[in-house]
Amino acid sequence: MSSKKSDTSFLVQGSVLAIASIVSRVIGLLYRIPMTNIIGEYGNDYYSCAYEIYSMVLLISSYSLPMAVSKMVSARMAKHQQENAYRVFQGALIIALVTGTAGCLFIFFGAEFLTKVFQTPLSFFALRVLAPTLIIVAVLGVIRGFFQGLGTMIPSAVSQILEQIVNAVVSVAAAFVLFGYGTRIASVLGGEQHYAEAYGAAGGTLGTSAGAAIGLVFCALVFFAYRRRLKKGIARERQLSRRRPENFGSIMKVLILTIVPILLSTALYNLVSIVDQGLFKNLAILQGNDSDSVSLWWGVYSGYYRVLVNVPISISTALATSSVPALAAAFAKKDHEQVRKKIGLSMRFIMVIAFPCTVGMAVLANPIMRLLFSTTNDLAGHLLQAGAISIIFYSISTLSNAVLQGIDRMRVPIRNALIALAANIVSLPISLYVFDLNIYAMIVGNIVFSLVMCILNALSVRRYSGFRPNIVKTFIKPAVASVLMGVIVYVVYFVIYRAVNSNAAAAIIAILAGVISYAVILLLVKGLTEEELKSFPMGSRIIRIAKKFHLL
């Protein structure tokens, strides 16, 4: 029994982080609604541009640190080397402070130049506000990675929710105040530039900094509370073992050698959004579109479509984060059967979520957009309908990226990401100039990148781990349940809307009907076993309800 528990414990931890990610995304979605109503589509464009540049520098400076730390700490804890695990943490902290400070200075002093490159010069206000966040997030990432390596996602999960709550409050309040300030500046200067939107976007990014600071304070307090226990463990380890701890210099060397490939693969995987923004805006303007139209398109794409699509993708990101230390520990023990088992469980868990999200968002695209964003137009819904399929591809490729990193094949995702990025770059000008798809070219690029990455990563995982998914149970059953759910959702929405003429009521009831019908159908087609349900949050309660209705 204990062995079974350990087999699925990483899924439980992943579920904890996934729930925190969903809650965080929902909070993020909710605060983006009033913030978008304040700053508008142009403000969304400025906010998005600043955030993309910040994300790019974050990727280079410290984004890979949590995964590298969790991987190295987990491998050492699996061998009962607490002192070496702590030395990894100390070394990573030094790297975080150095790279975070360098990124902060680069962003702050290069803000005007960087925003001009991306054809969005007024976003430099927001970008400068984000600069100090790079130091905070770097240190926060190391602490989160350390606890993830110990096998607990609780500090990461709680800090993530606290971070997002503070982010939401400060973002909306600061956007409102600074939008008014920008309006007064615009009236004094007498120009037609969007100063109000630019300052409002800067207020939105201020929330990111405040939220990260609160997250760091919480994680630091948890770490200092745990430190006494850690020190005792290290002292006991020294008494019982004559083995000398790893040399600090060699730990730093291994850290850097671990960070660099994770950095490159993660950076390339995430760099697609910043490359897309720069490429799309410049190509669209060269095509003859005016800058205001391009800015408006990008505001809808980044402020509506991507915000929604990222909610289900965050679940796979959370599970990928939790699977790396578990895979690294199993790999360190050379337990290849356990590695394959963990990959299979993770993949099935993610597909159970990704398929219904894809179908649900495609079927209810316009109603969801009208429900959430009062200022939205039909473009946002059409983008979601066209691009929902990328949720499945991104979910698979995100997990497979983490799997390859967990089994020490860290260079493979770099190669795969380069190929996928090249395919995406080629697809953009073709979509714009040959098919004249304007912002829909971004949807094509997203699908091309995620599909190519998904296929290449899947082939690599099979080659290096021997893992072969159960096609019927992993893909076909969730797909069948999702399609049937989609039909039910469409009918329920249509009937309720015709009856009460309220989009909000019809959309909410249809979503609830979708959740219930999908769960019922999935259990009826034996898409999940009782043992697998036990690894879900509130799994025992789900099992009791399912048995009561004879679904298990």
Step by step, would you call Tyr518 with Val359 a side-chain contact (heavy atoms from CB on, under 4.5 Å)?
CA-CA 11 Å; Tyr518 175 71; Val359 173; over 6 Å; no
For [X], side chain to side chain donor-acceptor pair (under 3.5 Å) partners two or more places apart:
X	answer
Ser159	Arg144
Asn446	Tyr301
Thr133	Ser209
Thr358	none

Practice prompt. With the side chain counted from C-beta on, respond yes when Met361 and Pro312 share a heavy-atom pair under 4.5 Å apart, and no when they do not.
Written response: yes
Contact check, side chains of Leu379 and Ile439, non-hydrogen atoms, under 4.5 Å: yes
Please lay out, stage by stage, how Met442 and Leu428 fare under the test side-chain contact (heavy atoms from CB on, under 4.5 Å). CA-CA 7 Å; Met442 288 303 310; Leu428 269 178; 3.9 Å; yes
Classify the side-chain pair Asn470/Thr474 by whether it contains a donor and acceptor separated by less than 3.5 Å.
-> no
Quick one: [atom1] on [X] to [atom2] on [Y], what's the gap to the nearest 0.5 Å?
X	Y	atom1	atom2	value
Leu437	Ser427	CG	OG	10.0 Å
Phe355	Ser395	CZ	OG	9.5 Å
His382	Met369	NE2	CE	11.0 Å
Asn424	Ile447	CG	CD1	11.0 Å
Thr205	Tyr51	OG1	OH	10.0 Å
Leu459	Cys454	CG	SG	9.5 Å

Within [range] or reaching into it, pairs that qualify as salt bridge (charged side-chain N to carboxylate O under 4.0 Å, His left out) - sequence neighbours excluded:
range	result
residues 301-312	Glu52-Arg306
residues 443-465	none
residues 478-496	none

Sorted by chain and number, sequence neighbours left out, side chain to side chain contact (heavy atoms under 4.5 Å, CB included) with Leu216 holds for Ile136, Val139, Leu140, Ile143
Sorted by chain and residue number, the side chain to side chain contact (heavy atoms under 4.5 Å, CB included) partners of Val520 (sequence neighbours excluded) come out as Ile516, Leu524, Leu551
Q: Only pairs at least two apart or in different chains count here, so list each side chain to side chain donor-acceptor pair (under 3.5 Å) that has a residue in residues 487-498.
A: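 As it turns out, the side chain to side chain donor-acceptor pair (under 3.5 Å) pairs with a partner in residues 487-498, which skip direct neighbours, are Arg370-Tyr493, Tyr493-Asn503.
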### Message
Can you list everything that forms a ring-ring contact (aromatic ring centres under 6.0 Å, His included) with Phe223? Sequence neighbours excluded, please.
### Response
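In terms of ring-ring contact (aromatic ring centres under 6.0 Å, His included), with neighbours along the sequence ignored, Phe223 is linked to Phe89, Phe146.
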Hits for ring-ring contact (aromatic ring centres under 6.0 Å, His included) against Phe147, two or more places apart or cross-chain, chain-then-number order -> Tyr226
What closest approach, in Å, do [X] and [Y] show between heavy atoms, and which atom pair accounts for it?
X	Y	value
Ser460	Val412	OG-CG1, 3.2 Å
Ala510	Val492	CA-CG1, 3.8 Å
Ser171	Thr208	OG-N, 4.3 Å
Val309	Ser390	CG1-OG, 4.5 Å
Ile488	Ser517	CD1-CB, 3.7 Å
Ser156	Gln148	OG-NE2, 3.0 Å

May I ask you to decide if Gly145's main-chain N or O and Ser70's side chain share a donor-acceptor pair within less than 3.5 Å?
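Not at all, since once roles are kept as given, no pair shorter than 3.5 Å links the two residues.
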| message | Under a 3.5 Å distance rule, please check whether Lys477 uses its side chain to pair with a backbone N or O of Leu522 as donor and acceptor. | response |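 Checked: no pair found.
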- Task: Assign the ring pair Phe280 / Trp297 to parallel, tilted or perpendicular, where the plane angle (0 to 90°) is split at 30° and 60°.
- Result: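 Rings of Phe280 and Trp297: tilted, as their planes differ by 30° to 60°.
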- Task: Run the numbers on Asn310 and Tyr394 for side-chain contact (heavy atoms from CB on, under 4.5 Å), then give the verdict.
- Result: CA-CA 10 Å; Asn310 283 337; Tyr394 269 116; over 6 Å; no
Inset, instruction - Evaluate the side-chain contact (heavy atoms from CB on, under 4.5 Å) criterion for residues Val403 and Met347: first the C-alpha distance (whole Å), next the side-chain angles of each, then the deciding distance (0.1 Å), finally the verdict. - result: CA-CA 10 Å; Val403 166; Met347 186 64 73; over 6 Å; no
